[in-house]
Amino acid sequence: MAEDSLRIGGLSSGLAVILNSGDGKENPSKPRLVSYSDEFGQQSVERALEYVFGLPNKSLGPLNGPVDSSLVRSIIKNYLYSDSDSLVSNRDGVCVSDNGSGPGVIGLEKFSICGEIGIVKPPLLLESLAVFSSARANAYVWKGKWMYEVILETSGIQQLGWATISCPFTDHKGVGDADDSYAFDGRRVRKWNKEAESYGQPWVAGDVIGCCIDLAHDEISFYRNGVSLGVAFSGIRKMGPGFGYHPAVSLSQGERCELNFGARPFKYPIDGYHPLQAPPSSSSFVKQLLDCLSRLLDMQSVERAEHSSVERLRRLKRFVSLEELFYPVSHGICEEFFSVVEADCQGAEYIGWGPLLLFFMGLFGVRAPHDWLSLDRVLDVFLEFQGSHVMFEHIINALSCACKTASLVLTECPYSGSYSYLALVCHLLRREQLMVLWWKSSDFGLLFEGFLSRKSPNRQDLQCMIPSVWWPGSCEDVSSESSMLLATTALSDAVSKIEEKHRDLCLLVIQFIPPLSPPQFPGSVFRTFVQNLLLKYRGADRNMPPPGILSNSVLVSLYTVILHFLSEGFGMGNICGWLKSCDSSGHDIGFLHRGGCQSFPIGLFLKNDPHRAELSRLGGSFSHLSKSHPMHDQEAEVIRWEEGCMDDEETRVTHLTKQKPCCCSCYDMEFTKCSKYPIRATTKSSRHHCSAIPERSAQVAAECSTGSLNEEISDKPSSSDQSESEFGYRPVQHMSTVPRDSDLASTTLREEELLDALLLLYHIGLAPNFKQASYYMSHQSQSISLLEETDKQIRERACKEQLKRLKETRNNYREEVIDCVRHCAWYRVSLFSRWKQRGMYATCMWVVQLLLVLSKLDSVFIYIPEFYLEALVDCFHVLRKSDPPFVPPAIFIKQGLTSFVTFVITHFNDPRISSADLRDLLLQSISVLVQYREYLAAFESNEVAKRRMPKALLSAFDNRSWIPVTNILLRLCKGSGFGSSKHGESSSSSIIFQGLLREACISDEELFSAFLNRLFNTLSWTMTEFSVSIREMQEKYQGYLSNREGILFSELLEWLIIMILVVQRWPNNIKVKKVMNMTVHAYPIQVNGYNISVCSVNAILEDNPSFIFQFEPIFLGISDVGDLLFQVLEFQQRKCCVIFDLSCNLARLLEFCTHEIPQAFLSGPDTNLRRLTELIVFILNYITSASDVEFFDLSLRRHGQSLEKVNRGMILAPLVGIIVNLLDASTDSKFKEHNDIVGVFANMDCPETMHYGLQYMLEYNWATSFRGEAYVPKLCRLENFLALLISHTDSKKIEGLECGENDADDGMCCICYASQADAQFIPCSHRSCYVCITRHLLNCQRCFFCNATVLEVVRTIENTVER
């Protein structure tokens, strides 16, 4: 290595001697190399050359001439060629047929390809373009030990292994699906030989799979990144010459992998196994030449280290100057090197990927500080040769591939993963020649993606990266806490260094000016790359990327780079004079933190760029908008605004105000050290114990506008351990600059363009990662609770059988907790570092203000891409839920994001937003935020929210949005109903919004009437659905108990299909993974003699695409058919609970309406009061007449909740409140004369049901649900009402007996049979009572009887006609 001391092994002749220090005492830590000679002062050059070429002492005689390239090459030919016999291994047992690529070159056998396989990049980067594609190599083996490697570009379904020529390939069968055919699939974690069995580990993109066959022992085994997965197959059939095992692969559509049969050195060679393709014969000689060059550079490192001693010895002529030898010797070695490479063209790739790459890596060093001086000297010599360009192409390709396959290793941190490869390529590309070479490559984009790739760890990888796991309350070893902190800190440092090198590489590309005419500007190459990458991912869904797409690590890395540029600055001053990243004082201020006047070119929205063509806009598709709302004359316009202009002056917080936004303000950093349960800080240490990133004290600048933002940002990615002058950012050598010109501003890369790309990268790249992180954090909390509950049960149980079962359950929960803790720690390391949270917050501020400003311009607003809004909302909630938290909830919105509240309130029902899903997204945000006291306060202090939200919510209560609107209204009305002190329910309420809602309902009667009608209809529907669900569940449960195995096959078949779909849709879900070990995952599945295949499942999915979204069962482990039905019952119970909750919430809203707006029920026509009464009777009838009371209550019980908190009292309480509210309001004289409450209730057809229901509510044990006795007076009111109702009913019975009954009264309404038919429909002339027809016309405009459209209703009152 360049940084090591000079190697002296093999110099037994005395070429090297270790000199003592000046005082004569031995000092082994400071070796000194000198040239030895028998005759003082002579032959120093000869001895130095002997050392460089590894020759014995005095092998070279006195030199008669100067040292030049000819002399060096003659030494090489005379002394090295004789020792460079090719180490040809025994190739007996392998046969390679010629496929047109050259003798001995292994590739795909074209006639064996089934399906369609495309070559993404020569020679063997493959992609399946068909549903299922298979192919064999043009080589086979019949004896010996052989291997090949597969680099996974994607991590989907691929079957890799060996197959004979007799193995048939079809559209559905591939490697492993026949005799003499063996495969491994890491997606499904199975091995295949006609039948599938569990084997191996899950693989991830970037894994290197070694496929090995040992025909001496008749075994096939597989390796993942050099680690054996065990023997997969043993006793395979022996073969002979002419018939053997071919390397073979089968790929699902869109899957990619790269095959290496030996044309390149293996990434993880396995001892004893040979590559199928023989390495070039010149490789050993080339390695000798590079070793000679390395020894020459070793002398240079010693000369630099011991400069004073060397100078003293040089004056004695006992040591020749390196400068006198370096150029002629290195030039001669390189001449010989390139002559060998040119003579063996097929071996150039092997040499570039192997010996040459190792030489450069060893010279440069894998850890900082790097020996860039030695590397530069070698590059200077190499670049003098024309053939160097070919070798550097291979070097760049090899480094890109190495970045994709590099894994983080804890013991190598912080210089682990792809760091060393990125550091080397960044140094190489600072040479303009090499940058141009890379840019001109046809694979520039693919190589750039490779450099930005990072492997995502799976469960086994995380176990190695974070060996010790701890969480608060765990019973793990005490040392696990500190061990986990050390591990996550080391991983955090490693990730930071990799991200730093990503930024260095991107800065080089941004600064690069391609040699084109007309001249290009800095950033043009980077812009093209970003656009092509986004074009590649165009239309990518967050859950299901399009075929052929790699893992989203490239998007994540690019997003991280751009976020750092925009938030923390470019870190290199004014880039060639074209970036507005510096203020007048020269400080590098991040674009997102500048404050003051903001601007945005609206032309970004109006361009029909290829990568934007299919992206939906807020107003619809671009093609539709360009026709209906053309905007050609505004493409060059720039919209300008002042930061915070859309906020109230009293609450405005900007980068220029005295109070700074959260992203730039100082606050108590101890808060950030405390993350949410279950990973939290403990009292015995001030440091955050399970956080992936140790937070340093906040030195975030308070004066954003003066350029101090980048000084000591908390947890800002660390710089390299090198001095800035030697190892900091350095511009591309010999790079010309182009001054910025105002009329060419549109051709330069603008920071607004980077922001635009950042949001799209977040939408398609980061959002899935944050979603997965949220899942693990949530599941971690649940698993810890279950583990603690199980531990409690173990302590209380004495029965051996129960203890055994509980301990097994505990072990399963413990494994889930450990897995979740590791994943959460990794996501904290990779996603939630402090500077990223800061940048995301600033992004939210910038984007929401942009959207609010543009919302004032209708013609522009509709052109905004949908991902702007989606990324904003998602990013906001990620920050809100981040662990560790970014800032306290009390200031999260208040100090910087009040505009977000304004935006969601203004636009959740904006008709200009064509997508109902987007409007729902905004509405869901409101629903979530108002559940928290701190965020509700932000709504209460927002003038726009107070002015617009009440009426907007009432109008949004429709068939689509009624659930979130109900949740919002319920939260705003909380605390005003009967029993508001229920266990677990906060007594906090929003008095402000309750008053605003009351005013909105009173001031706009038409709006409130429509809302009330929909509320009645919805509550009626939910209670009907609930009753049906309870009945179905009870029937299934009784069938389950009576005949546990006697299940209808049709029902079982339906659920098996659901399980398969869920496994395919959510393969990484922890609970779904358990199902993968069952027979229902393998295909075909045989149940009761029937086969269920993936093909049939796909057919079902095509016929009904929404089928899968109707079911997302929670799998707790299924061992037999009975347990399968039990899961059906659990799903049914979950459905019942959800519908019951919705019914309770709707009833609470009705209770609020009767409390705040009683005149809607007591004044005017009695339609509303009658509908309310009917609904109360319907609910009471079902709740009180359930045939199995115990089953009814159990069906409402959630997992982990007691019957004290979830019972039928939840629906009875609002009914009590409704009746009491009406009774209280009826005491007002202005209401008495309109509607008689007792009379309306008494006129119901089922008085006995009404009486029984009211009595049931009076006798219900309310004390278990409420605190105190505040509810008792209201129950007394209800009791008095019941007495009056019974009295009124008895009076009616007596009157009926006295007057007699007339069943054939033609004047009665034939709909309700309770009122006179006093209304006539025009034009059909049918009749009913006015109440019935009025109620009917609320939802339908057609006649009851003839279905004719009702144009008018004529009411007849005492021989008068009222229209």
Side-chain angles (χ1 to χ4, degrees), residues 531 534-546 600-639 646 752-753 755-765 767 847-876 900 902-926 948 952 955-962 964-965 1105-1106 1109:
Q531 291 179 350
L534 295 176
L535 178 62
K536 182 178 181 180
Y537 282 82
R538 183 179 59 189
D541 183 80
R542 293 182 181 184
N543 297 317
M544 299 291 289
F600 193 88
I602 62 176
L604 280 177
F605 301 147
L606 306 180
K607 292 180 181 179
N608 189 22
D609 295 328
H611 67 285
R612 293 168 167 272
E614 296 182 9
L615 294 176
S616 298
R617 311 302 175 100
L618 294 184
S621 66
F622 182 86
S623 58
H624 168 72
L625 293 176
S626 60
K627 295 175 183 177
S628 59
H629 300 82
M631 295 278 292
H632 303 299
D633 56 334
Q634 300 185 33
E635 290 187 0
E637 289 189 11
V638 175
I639 186 74
M646 306 302 293
E752 292 85 350
E753 287 184 75
L755 176 62
D756 178 76
L758 179 81
L759 295 175
L760 185 52
L761 288 169
Y762 180 95
H763 175 62
I764 62 180
V847 173
V848 75
Q849 292 184 46
L850 170 66
L851 294 179
L852 281 174
V853 170
L854 294 180
S855 67
K856 305 300 181 182
L857 305 174
D858 291 348
S859 58
V860 179
F861 184 74
I862 58 177
Y863 274 90
I864 298 176
E866 288 184 352
F867 68 80
Y868 270 63
L869 194 151
E870 292 179 314
L872 167 66
V873 174
D874 194 272
C875 187
F876 173 89
F900 184 84
T902 303
F903 181 78
V904 294
I905 290 297
T906 306
H907 298 288
F908 78 85
N909 61 349
D910 189 341
R912 295 176 298 175
I913 300 178
S914 63
S915 171
D917 291 336
L918 279 186
R919 295 196 300 271
D920 288 349
L921 185 65
L922 299 178
L923 191 59
Q924 289 288 354
S925 295
I926 302 173
R948 304 187 60 165
S955 62
F957 190 90
D958 53 23
N959 292 336
R960 181 182 181 90
S961 304
W962 66 270
V965 171
S1106 63
F1109 300 104

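All heavy atoms count here, side chains included; hydrogens, waters and symmetry mates do not. Predicted, not measured: the structure shown is a model, and the values here were computed from it.
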Least distance between heavy atoms, Ser961 atom then Ala956 atom: CB-O, 3.4 Å

Main-chain N/O of Ile913 paired to Arg919 side chain as donor or acceptor, under 3.5 Å: yes

Side chain to side chain contact (heavy atoms under 4.5 Å, CB included) between Val848 and Thr902, worked out: CA-CA 9 Å; Val848 75; Thr902 303; over 6 Å; no

Ile864 side chain near Leu850 side chain, heavy-atom distance below 4.5 Å: no

Pairwise side-chain contact, Leu760 with Asp756, heavy-atom cut-off 4.5 Å (strictly under): no

Partners passing ring pair (Phe, Tyr, Trp, His ring centres under 6.0 Å) against Phe908 (at least two apart in sequence or in another chain): none

Pair Asp910 + Arg912, salt bridge at N-O below 4.0 Å: yes

Min side-chain heavy-atom separation Leu918-Val873 under 4.5 Å: no

Enclosure of Asp917 CG (heavy-atom neighbours >12, cutoff 6.0 Å): yes

Closest contact, heavy atoms only, Ser855 versus Phe861: CA-CD1, 3.4 Å

Set of residues satisfying side-chain contact (heavy atoms from CB on, under 4.5 Å) with respect to Ser621, sequence neighbours excluded: Ser623, His624

Derivation and outcome, side chain to side chain contact (heavy atoms under 4.5 Å, CB included), residues Val860 and Leu606: CA-CA 8 Å; Val860 179; Leu606 306 180; 5.7 Å; no

ring-ring contact (aromatic ring centres under 6.0 Å, His included) partner of Phe605, chosen from Tyr863, Tyr868, Phe622: Tyr868

Where Pro865 and Arg617 come nearest, the two heavy atoms and their spacing: CA-CD, 3.8 Å

Flag side-chain contact, heavy atom, 4.5 Å: Tyr762 against Cys875: yes

Contact check, side chains of Leu854 and Ile602, non-hydrogen atoms, under 4.5 Å: yes

Point-to-point distance, once rounded to the nearest 0.5 Å, from CE of Met646 to OG1 of Thr906: 8.0 Å

Test item: Leu923 and Asn909 side chains (from C-beta on) under 4.5 Å apart, heavy atoms: no

Set of ring pair (Phe, Tyr, Trp, His ring centres under 6.0 Å) partners for Phe903, sequence neighbours left out: His907

For Leu604 against Glu752, the heavy-atom pair lying closest together: CD1-O, 3.9 Å

Contact summary for Ser914 and Gly620, nearest pair of heavy atoms: OG-N, 3.3 Å

His629 vs Ser859 side-chain heavy atoms within contact, under 4.5 Å: no

